[in-house]
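Here the structure is laid out as structure tokens; the discussion comes afterwards.
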Amino acid sequence: MRFAAAPRRMEAMIEAPKGTRDILPDEIGRWQLVEARARETFEGYGFREIRTPIFENTELFARGIGASTDIVTKEMYTFPDRKGRSLTLRPENTAPVARAFIEHQMSRGTGVQRLYYIGPMFRYERPQKGRMRQFHQIGVEVFGSEHPAVDAETLEMVMTYLASLGLTEAELTLNSVGDATCRPAYRAALLAYLEPRRDTLCVDCHRRMQENPLRCFDCKVEADRVTMAQAPLITEFLCADCRQHFARVLAALEAYGIRHRVDARLVRGLDYYRRTSFEVALSGLGAQNALLGGGRYDGLIRELGGSDVPGFGFAVGQERLVMSLPDGGEVRAPGPENFVAALGEEAVGAALRLARVLRRAGRGVVFEPLPDRSLKSQLRRAHDLNARRVLILGETEVRQGTVTIKTMADGAQETIPQTQVVMHLGGSGRA
Ligand code: HAM
């Protein structure tokens, strides 16, 4: 049967919302590859998967990420539900995972809890290459140890993961942003530097000065960047504990032989970071070159109503990761094991029976009931689908109760009785 003719009057087409996109079957192989490698790698370090809701109570993000951050003030998809509760599509997943950790008392009975997640996040940003309104993150969170070995080992895992995808040129930049002991003195010093220069700073920086002056390092205005280049640095203010913690992280990176750079101006866009904070960039990504980011957030669990449990984690942007995979290693999602080509209406019944027998034997089968198509066009279709073999049911085969099996890799072909197909294919379907 052919498709019904299109109605005469065409309705206006509805497109995907701005800043979102469909991930089509032709590209899904790359997505599945980075996900499979993530699972393999992370599970090898003791991480287990967690899936949290796509939306949360808005307060979670206001408290968790920081009420004055760009994410919370400008970028959240927040809406009232039908009972007037304020809900927000998650802009990131550290706060939700921390919420789940507290809610399910996951600190009970375990020392260190290692969790990972893969899923969509939402930020109302101006879309551009590598920046979407719905994007995807692959991330991990480690709860329960403030030891610098957690930072070092997780960073080592990040780099191992990227290398397993061929991304050996990734550049790790890190900083220590201090903690509750040393940050107040630094904040005061930074404000003392900024106050006399207030008139030269942009309005956003005026707000940042009031709410969190460290955020001025994030300003993209050129004149402000020049001002910030001379500002006092957090590294000069770190307390002894933070200084020692950072030194031990750096020493471990040296011992691993992981290339890295310390940038005392690295301040990330979320308020929960304490001590280690880091980014991994790839030069090929252009303006949005941060492939991933993360750090330590020792105060977050307490801030969200839990006990004093330290945390460390990171999230990689999956769009940016997929975009960065080296060329050449064209990744095709595996196609069907068997494609049944029925030629003519008579062959359809035999095709359905054959497909059922094979599927019951655990084999994968694709059958497209378009029996008017020529063998050539059905073979082309099987090739496009990346099928491993084609089971041909032509007029002769139907008459004789046979099937012709064509192996796509080498074109080899043989005809056998239909009753022997399962035995003939032998082994497992995945072989
Ligand atoms: P983040 O730096 O906001 O950190 O995001 C991490 C990564 O998500 C970025 O490096 C980028 O690759 C990707 N990303 C962010 N926004 C977008 C966007 N609009 N479009 C495409 N990709 C985007 C966090 O989200 C923290 N929760 C990371 C973390 C986990 N820290 C501790 N644990």
Side-chain angles (χ1 to χ4, degrees), residues 17-21 23 31 34 38 42 47 50 52 56 60-61 64-66 69-72 74-77 89-101 113-143 150-151 154-155 157-158 161-162 167 170-175 177 215 218 266-282 284-301 304 310-324:
K18 184 172 176 184
T20 71
R21 66 185 281 270
I23 303 160
W31 287 73
V34 302
F42 301 168
F47 285 83
I50 183 166
T52 58
E56 297 271 357
L60 172 67
F61 300 112
I65 302 174
T69 56
D70 278 0
I71 295 182
V72 172
K74 302 183 198 163
E75 296 171 3
M76 295 206 307
Y77 280 92
L89 298 184
R90 61 184 189 190
E92 61 97 55
N93 212 23
T94 305
V97 171
R99 191 239 347 110
F101 177 86
Q113 187 69 255
R114 292 188 161 93
L115 303 167
Y116 76 89
Y117 50 85
I118 300 176
M121 310 290 155
F122 307 84
R123 293 185 195 175
Y124 193 87
E125 292 193 86
R126 203 163 40 77
Q128 60 180 78
K129 183 167 174 262
R131 193 163 70 194
M132 306 287 294
R133 290 185 173 168
Q134 174 174 327
F135 59 100
H136 299 77
Q137 284 186 345
I138 300 179
V140 314
E141 312 296 346
V142 185
F143 297 108
V150 166
D151 311 35
T154 311
L155 286 167
M157 183 178 82
V158 170
Y161 171 54
L162 296 179
L167 299 171
E171 289 166 22
L172 169 64
T173 303
L174 67 170
N175 188 20
V177 293
R215 181 107 330 110
D218 263 351
L266 177 75
V267 174
R268 298 184 22 75
L270 305 109
D271 273 353
Y272 47 61
Y273 292 117
R274 300 281 176 278
R275 298 187 167 170
T276 315
S277 131
F278 69 96
E279 280 184 359
V280 172
L282 266 181
L285 275 174
Q288 302 298 318
N289 70 351
L291 182 61
L292 63 88
R296 180 162 279 291
Y297 46 85
D298 292 347
L300 179 64
I301 299 277
L304 295 177
F312 183 90
F314 72 85
V316 51
Q318 214 176 336
E319 278 75 6
R320 296 182 195 180
L321 187 59
V322 166
M323 202 190 287
S324 313

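Indexing begins at 1, ligand by ligand and atom by atom, following the structure's order. Keep in mind the model is a prediction, meaning the values are calculated, not measured. We number each residue from 1, following the sequence as shown.
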Inset, instruction - Give a yes or no on whether the backbone of L266 and the side-chain of N175 come within a donor-acceptor separation of less than 3.5 Å. - result: yes
Legend entry - Sub-3.5 Å N/O-N/O distance, E319 and ligand 1: no
Inset, instruction - Give a yes/no on ligand 1: does G130 have at least one heavy atom closer than 4.0 angstrom to it? - result: yes
Legend entry - For atom 20 (N) of ligand 1, the protein heavy atom that lies nearest, with its residue and separation: M132 N, 2.9 Å
Legend entry - Minimum side-chain heavy-atom gap S277-V267 below 4.5 Å: no
Inset, instruction - Output yes when the distance from some N or O of ligand 1 to some N or O of E92 is under 3.5 Å, and no in every other case. - result: yes
Legend entry - R320 side-chain N/O to G130 backbone N/O, donor-acceptor pair under 3.5 Å: yes
Inset, instruction - Mark yes or no for whether Q318, through its side chain, and F135, through its backbone, hold a donor-acceptor pair below 3.5 Å. - result: no
Legend entry - Shortest protein heavy-atom distance from atom 13 (C) of ligand 1, along with the residue and atom involved: G317 CA, 3.6 Å
Legend entry - Side chains of Y272 and T94, donor plus acceptor under 3.5 Å: yes
Inset, instruction - Spell out, as yes or no, whether a donor-acceptor pair under 3.5 Å connects the side chain of R215 to the backbone of R268. - result: yes
Legend entry - Element-labelled atoms of ligand 1 that are located less than 4.0 Å from some non-hydrogen atom of T94: 26 (C), 27 (N), 29 (C), 30 (C), 31 (N), 32 (C), 33 (N)
Inset, instruction - Give the residue and atom name of whichever protein heavy atom lies nearest to atom 19 (N) of ligand 1, and the separation in Å to one decimal. - result: E125 OE2, 2.6 Å
Legend entry - Mode of E141 contact toward ligand 1 - side chain, backbone, both, neither (heavy atoms, under 4.0 Å): side chain
Legend entry - Parallel, tilted or perpendicular: rings of F278 and F312 (30°, 60°): parallel
Inset, instruction - Around atom 14 (N) of ligand 1, find the nearest protein heavy atom and jot down its residue, atom name and distance. - result: F135 CE1, 3.5 Å
Inset, instruction - State whether the shortest distance between N or O atoms of R123 and N or O atoms of ligand 1 falls below 3.5 angstrom. - result: yes
Inset, instruction - Provide, to 0.1 Å, the distance between atom 12 (O) of ligand 1 and the closest protein heavy atom, together with that atom's residue and name. - result: L291 O, 2.9 Å
Inset, instruction - Below 4.0 angstrom from a heavy atom of A315, which ligand 1 atoms are there? Numbered from 1 as shown, please. - result: 6 (C), 7 (C), 28 (C), 29 (C), 30 (C)
Legend entry - Sidechain-backbone polar pair: Y117 side chain, Q137 backbone, donor-acceptor under 3.5 Å: no
Inset, instruction - Give, for atom CD1 of I138 and atom CZ of F314, the distance between the pair rounded to the nearest 0.5 Å. - result: 8.5 Å
Inset, instruction - Mark up the atoms of ligand 1 that fall under 4.0 Å of a heavy atom belonging to G293, in ascending order. - result: 10 (O), 28 (C), 29 (C)
Legend entry - Per-atom contacts of ligand 1 with G294, taking only distances under 4.0 Å to non-hydrogen atoms: 31 (N)
Legend entry - Donor-acceptor contact below 3.5 Å, side chain R296 vs main chain T276: no
Inset, instruction - Pick one of side chain, backbone, both or neither for how Y272 approaches ligand 1, counting any non-hydrogen atom pair under 4.0 Å. - result: side chain
Legend entry - Any R114 side-chain heavy atom under 4.5 Å of F42 side chain: no
Inset, instruction - Name the closest protein heavy atom to atom 1 (P) of ligand 1, giving the residue it belongs to and the distance to 0.1 Å. - result: R268 NH2, 3.5 Å
Legend entry - Enumerated ligand 1 atoms positioned under 4.0 Å from heavy atoms of L292: 10 (O)
Inset, instruction - Only heavy atoms count here, so choose which of G139, A290, G311 is nearest to atom 9 (C) of ligand 1. - result: A290
Legend entry - atom 31 (N) of ligand 1: the protein heavy-atom neighbour that sits closest, reported with distance to 0.1 Å: Y273 OH, 2.6 Å
Legend entry - Under 3.5 Å donor-acceptor, R123 side chain and I71 backbone: no
Inset, instruction - Indicate yes or no: does an N/O atom of F312 lie under 3.5 Å from an N/O atom of ligand 1? - result: no
Legend entry - atom 8 (O) of ligand 1: nearest protein contact (heavy atom, Å): Q137 NE2, 3.1 Å
Legend entry - Y77, OH atom: more than 12 neighbouring heavy atoms under 6.0 Å: yes
